[in-house]
Amino acid sequence: MKKKSPTIQDVADKAGLSKAAVSRYLNKSIRLPEETGQKIDDAVRALGYRRNSIARRLSKGGSETIGLVVPEISNIFFSEMAEAVEQTVSERGYNLILGISRNHPDKELGFLRWIDDSIVDGLLFVTNRPNNRRLQLDIRRYRAVVLLDEDIPGTTQDKVFCHNIEGARDATRYLIRTGHRRIFHVTGPSPLMSVKERLEGFRLAHQEAAQPCPDTHIFHHDYTQQFGREVTRKILSSSVLPDAIFAASDYIAIGILEELKRNGIRVPEDMSVIGFDDTSLAELVTPKLTTVRQDAAELGRIGADRLLDAIAHPEIRHGVTRIAASLIVRDSVRDRRLSTRDIRPPTAFSP
């Protein structure tokens, strides 16, 4: 038969004190004479008493835990975000639990129930389903939810996003300024806020330079390496080839680099490539990827602070917070205004 764990009443009996005094002492909400405190400490050690932290937190009216919901954790962007969230909430006395939705709508809705069930006091939420009406209506019920990275229209919670338009415009301006005239844009699913805003920045830079920006130069699908490879095969089989590709994520850009190399296209000598996000992978590929930095860790840190503020002060709202998007120049863009020696014009390839 399993031995019964000692209770706080057992500690109180052994120390010769009231249960309330022992509880307040262990919770550090009362100061007792040194001799009295020593009695409690001795009783705790002698009995092997361990506090039930979950019960203690719930008795105080909260779990002292928040949740972070992301589509996947294998994506370095989300793992960097999660690490920053954990560090931030830990410094403020909270714990973190992670929910991985795999972009499944029922799983996302289920994670919201964590708040109802007092598993968490609030949620940081990343979704790739902005048009899910049920998700929108459910999230609107909760004050202690902060949206990160992607928006859900119609919600009024605090939100932390990147300056997507400015970042994309700066990347495209840089390509134009370095002599590129046929710039293709390879991006994610069209309903996503990040996709819309990065495309807007791409178009704005073309308008400012009075350069054409035909729809045939824009390709939508997923933020994945596989899409980067597939779209590159499609581009290389067409009659009109770009001299540069601006990818709306580093993952897409890395897939593009892989497929260009497989087909003998040199980057940046024959074709330039820019990504977006500046994950740690950007410096590991060859050539090192020029990209737009949106700091996943900063998104996580600010989001965690906003959520803990919302839990402590529900009446205060911060609205939308934007973090900087800055161009990081590395090795994957060629300045075409310089000597054209050793530059081969791209030619069409079979997929």
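Hydrogens, waters and symmetry mates are skipped; everything else that's a heavy atom, side chains included, is used.
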(request) With rounding to the nearest 0.5 Å, note down the distance linking CZ in R229 to CD1 in I252. (result) 12.0 Å

(message) Tell me whether R203 is salt-bridged to D215, with the criterion being a basic N under 4.0 Å from an acidic carboxylate O.
(response) yes

(message) Please find the pair of heavy atoms, one from D121 and one from E64, that lie closest to each other, and give the distance.
(response) OD2-N, 2.9 Å

(request) Can you measure from CD (Q9) to OG (S18) and round to the nearest 0.5 angstrom? (result) 9.0 Å

(request) Side-chain contact test, heavy atoms from C-beta onward, threshold under 4.5 Å: evaluate it for I328 versus V292 and give yes or no. (result) no

(request) Could you go through the side-chain contact (heavy atoms from CB on, under 4.5 Å) check for I183 and H217 one step at a time? (result) CA-CA 7 Å; I183 307 169; H217 292 182; over 6 Å; no

(message) When you compare the side chain of R134 with that of D106, does any pair of heavy atoms fall below 4.5 Å?
(response) yes

(request) Write down the atom of R143, the atom of A310, and the distance for their closest heavy-atom approach. (result) NH1-CB, 3.8 Å

(request) To the nearest 0.5 angstrom, please state how far the CZ atom of R334 sits from the CG atom of D243. (result) 12.5 Å

(request) Verify the cluster assignment for L289 and L260: are they in a single hydrophobic cluster under the rule of side-chain heavy atoms below 4.5 Å apart? (result) yes

(message) Contact between F78 and I100 at the side-chain level, heavy atoms closer than 4.5 Å - yes or no?
(response) no

(request) Begin from the C-alpha positions of I73 and L98 and carry the test side-chain contact (heavy atoms from CB on, under 4.5 Å) through to its verdict. (result) CA-CA 9 Å; I73 201 63; L98 183 65; 3.9 Å; yes

(message) Has Q157 got a side-chain atom pairing as donor or acceptor with I139's backbone, closer than 3.5 angstrom?
(response) yes

(message) Ring-plane angle category for F276 and F246, please: parallel below 30°, perpendicular beyond 60°, tilted otherwise.
(response) tilted

(request) Could you tell me whether E197 and R322 make a salt bridge, using a distance below 4.0 angstrom between a side-chain N and a carboxylate O? (result) yes

(request) Flag yes if I176 and I274 sit in one hydrophobic cluster, no otherwise; membership is Ile, Leu, Val, Met, Phe, Trp, Tyr, and two members link when side-chain heavy atoms are under 4.5 Å apart. (result) yes

(message) Strictly below 4.0 Å, N to O, side chains only: are R317 and D309 in salt-bridge contact?
(response) no

(request) Identify which one of Q294, R198, E200 satisfies the side chain to side chain donor-acceptor pair (under 3.5 Å) criterion when paired with N164. (result) R198

(message) Tell me whether R330 is salt-bridged to D278, with the criterion being a basic N under 4.0 Å from an acidic carboxylate O.
(response) yes

(request) Kindly compute the distance separating CG (D158) from CG (L307), expressed to the nearest 0.5 Å. (result) 9.0 Å

(message) Any heavy-atom pair between the side chains of S272 and I245 that's under 4.5 Å?
(response) no

(request) Assess whether side-chain contact (heavy atoms from CB on, under 4.5 Å) is satisfied between V69 and V126, documenting all intermediate values. (result) CA-CA 6 Å; V69 177; V126 183; over 6 Å; no

(message) Quick check: do V240 and R182 have side-chain heavy atoms less than 4.5 Å from each other?
(response) yes

(message) Please report the interatomic distance CZ(R113) to CD1(I119), rounded to the nearest 0.5 Å.
(response) 12.0 Å

(message) R301 and side-chain contact (heavy atoms from CB on, under 4.5 Å): which single residue from T88, V85, I323 fits?
(response) T88

(message) Can you pull out every side-chain hydrogen bond (donor to acceptor under 3.5 Å, both in side chains) where at least one residue sits in residues 75-86? Sequence neighbours excluded, please.
(response) none

(message) What I want to find out is whether R233 reaches E259 closely enough, with some N-O distance under 4.0 Å, to be called a salt bridge.
(response) yes

(request) Check the pair D277 / S249 against side chain to side chain donor-acceptor pair (under 3.5 Å), numbers first and verdict last. (result) CA-CA 6 Å; D277 286 332; S249 87; 4.9 Å; no

(request) Dump the intermediate steps for side-chain contact (heavy atoms from CB on, under 4.5 Å) on F125 and V70, then the final yes or no. (result) CA-CA 7 Å; F125 211 90; V70 295; over 6 Å; no

(message) Give me the atom names and distance for the closest heavy-atom approach of G154 to R140.
(response) O-CD, 3.3 Å

(request) Indicate yes or no: at least one non-hydrogen side-chain atom of Y251 is less than 4.5 angstrom from one of I76. (result) yes

(message) On a heavy-atom basis, which atom in A297 and which in A84 lie closest, and how many Å separate them?
(response) O-CB, 3.3 Å

(request) Check A282 against D250 and note the closest heavy-atom contact, atom names and distance. (result) CB-OD2, 3.9 Å

(message) Would you say that Y174 contacts V333 through its side chain, given a criterion of any heavy-atom pair below 4.5 Å between the two side chains?
(response) yes

(message) Tell me whether Y223 shares a hydrophobic cluster with F184, the cluster being built from Ile, Leu, Val, Met, Phe, Trp, Tyr side chains joined at under 4.5 Å.
(response) yes

(message) Using only atom types and a distance under 3.5 Å, with no angle test, would you say the side chain of S332 pairs donor to acceptor with the backbone of T290?
(response) yes

(message) What I want to find out is whether D116 reaches R141 closely enough, with some N-O distance under 4.0 Å, to be called a salt bridge.
(response) yes

May I have the list of side-chain donor-acceptor pairs in residues 39-47 shorter than 3.5 Å, sequence neighbours left out?
from : atom 1 : to  : atom 2 : distance (Å)
D41  : OD1    : Y25 : OH     : 3.2
D41  : OD2    : Y25 : OH     : 3.1
D42  : OD1    : Q38 : NE2    : 2.9
D42  : OD1    : R45 : NH2    : 2.6

(request) Return yes if some donor-acceptor pair links the side-chain N/O of H221 with the main-chain N/O of F227 below 3.5 Å, else return no. (result) no

(request) Establish whether L257 and L175 are linked, either directly or via other cluster members, by ILVMFWY side-chain heavy-atom contacts under 4.5 Å. (result) no

(message) Do L204 and F202 land in one hydrophobic cluster if side-chain heavy atoms of ILVMFWY residues count as linked below 4.5 Å?
(response) no

(message) Please find the pair of heavy atoms, one from G37 and one from L32, that lie closest to each other, and give the distance.
(response) N-CB, 4.4 Å

(request) Look only at the side chain of R169 and the backbone of H206, and say whether a donor-acceptor pair between them is shorter than 3.5 Å. (result) no

(message) With heavy-atom distances below 4.5 Å as the criterion, would you say the side chains of E150 and P130 are in contact?
(response) no

(request) Would you mind checking if R102 and E72 are paired as a salt bridge, meaning a charged N to carboxylate O distance below 4.0 Å? (result) no

(request) Given salt bridge (charged side-chain N to carboxylate O under 4.0 Å, His left out), test R92 with D305 step by step and report yes or no. (result) CA-CA 9 Å; R92 293 183 61 172; D305 280 333; 3.2 Å; yes

(message) For the residue pair T7 / Y49, report whether a side-chain donor-acceptor contact shorter than 3.5 Å exists.
(response) no

(request) Quick one: pull up SG in C162 and CG in L299 and give me the separation to the nearest 0.5 Å. (result) 7.0 Å

